[in-house]
Amino acid sequence: MTAVQRLLCAASSGGAATVARRRMTALAPEQTPLAAAFPFVVAERAKRRPAEERNVQWVFLGCPGVGKGTYASRLSRLLGVPHIATGDLVRDELSSSGPLAVQLAEIVNQGKLVSDEIIINLLSKRLKKGNEQGESGFILDGFPRTVKQAEILDGVTDIDMVVNLKLREDVLVEKCLGRRICNQCGKNFNLACIDVKGENGLPPIYMAPLLPPNSCMSKLITRADDTEEAVRNRLQIYNDLSQPVEGFYRHQGKLLEFDLPGGIPESWPKLLHVLNLEDQEEMKLATA
Ligand code: AMP
């Protein structure tokens, strides 16, 4: 993990080409101007640990509203690895009174992407904190979102698998507009009841609402970027900038495509099946 932190920092100053060049030569992130601003840069060579000696390093891809956070956090609990969502890191920063908050609010509320430098800085800090607490492995959600970010990540660590969650666009918009968060416990809910008939060769899809308990009902808030305009903007940005990331990982043979068949009750067991994790869940339930 330390390698990821150090090199993410290094990468933020020069982009993918620089990363590739550094990989060929001696890696010296501590010498880059940006890296110097990060307190955890150490002058140690990057080490990549083989997959069998560490926890999983997975990435979740998918359009806004598809449910990356839901499935990534369930899997992280099952596998005992952290679920790191860059959107959460951005929202934490927004809710702080830090110097970035005002600058970020405008970008995020319009559904635009924040700069690679900012996102890599936030991710590096999160990885550093986790590393200090003994975390190993990760499930990334919301990163990488551009081919450049994917190349940077590729330059610093080995991603084992990339799960690409897919859902039709009309359903995505409804799901985003129905999304609510409890401002006390932080849990996500969804008020939308999706019930779309099958047509034009597409299967029908039913997703029951994910309703909050009574204790959360009066504390529900909507994300500022879940307005229809911002959601459509985010979908457009996803199609333009993030979809090429699918191709990047498909080309590496790491992409696992997963069409969501419905809500959590239908999708979760199928996802576990394709990931070969059914036994793991049974064991966990048996020992709970
Ligand atoms: P999300 O919760 O993943 O939809 O992210 C919310 C917002 O955070 C996005 O619309 C972006 O403004 C910002 N964001 C999250 N991850 C990234 C990223 N990898 N690159 C750039 N911006 C990001």
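Ligands are counted one by one from 1 in listed order, and the atoms in each one are counted from 1 as well. For the numbers below, each heavy atom of this structure counts, side chains included, while hydrogens, waters and symmetry mates do not. Sequential numbering from 1 along the given sequence is applied to the chain's residues.
- The hydrophobic cluster containing L123 also contains V147, counting ILVMFWY residues as joined when their side-chain heavy atoms lie under 4.5 angstrom apart, directly or transitively.
- Neither the backbone nor the side chain of Q110 has any atom closer than 4.0 Å to an atom of ligand 1 (non-hydrogen atoms only).
- The single protein non-hydrogen atom nearest to atom 10 (O) of ligand 1 is K112 O, 3.9 Å, given as residue, atom name and distance.
- For R145, a nitrogen or oxygen atom sits less than 3.5 Å from a nitrogen or oxygen atom of ligand 1, counting backbone and side chain alike.
- Of the heavy atoms in R91, only side-chain atoms (C-beta onward) come closer than 4.0 Å to ligand 1.
- Scanning the protein for heavy atoms near atom 7 (C) of ligand 1, the closest one is V108 CG1, 4.0 Å.
- The protein heavy-atom contact nearest to atom 23 (C) of ligand 1 is I119 CD1, 3.6 Å.
- The backbone N or O of G262 sits less than 3.5 Å from a side-chain atom of S267, completing a donor-acceptor pair.
- A distance-only check finds a donor-acceptor pair linking the side chain of K254 to the backbone of I159 [under 3.5 Å].
- Looking only at heavy atoms of the protein, atom 20 (N) of ligand 1 is closest to Q149 NE2, 3.0 Å.
- The main-chain N or O of R145 is found under 3.5 Å from a side-chain atom of Q149 such that the two form a donor-acceptor pair.
- For a threshold of 3.5 Å applied to N or O pairs, the pair formed by T86 and ligand 1 contains at least one separation below that value.
- At least one N or O atom of V114 sits closer than 3.5 Å to an N or O atom of ligand 1.
- Atoms of ligand 1 found under 4.0 Å from any heavy atom of R234 (numbered from 1 in listed order, with element): 4 (O).
- No side-chain donor-acceptor contact under 3.5 Å links E174 to the backbone of V171.
- With C63, S115, G142 as candidates, the residue nearest to atom 19 (N) of ligand 1 on a non-hydrogen basis is G142.
- Taking Ile, Leu, Val, Met, Phe, Trp and Tyr as hydrophobic and joining them when side-chain heavy atoms fall under 4.5 Å apart, one finds L202 isolated, its cluster having no other members.
- Shortest non-hydrogen contact noted between P82 and R126 is CB-NH2, 3.6 Å.
- Atoms of ligand 1 lying under 4.0 Å from at least one heavy atom of R223, given by number and element, are 1 (P), 2 (O), 4 (O), 6 (C).
- Distance alone, capped at 3.5 Å, places no donor-acceptor pair between the D141 side chain and the A72 backbone.
- By the criterion of a heavy-atom distance under 4.0 Å, both the backbone and the side chain of L113 are placed next to ligand 1.
- Nearest heavy-atom pair, V81 versus S136, reported as atom, atom and distance to 0.1 Å: CG1-O, 3.6 Å.
- At the shortest separation from atom 13 (C) of ligand 1 among protein heavy atoms lies V90 CG2, 4.0 Å.
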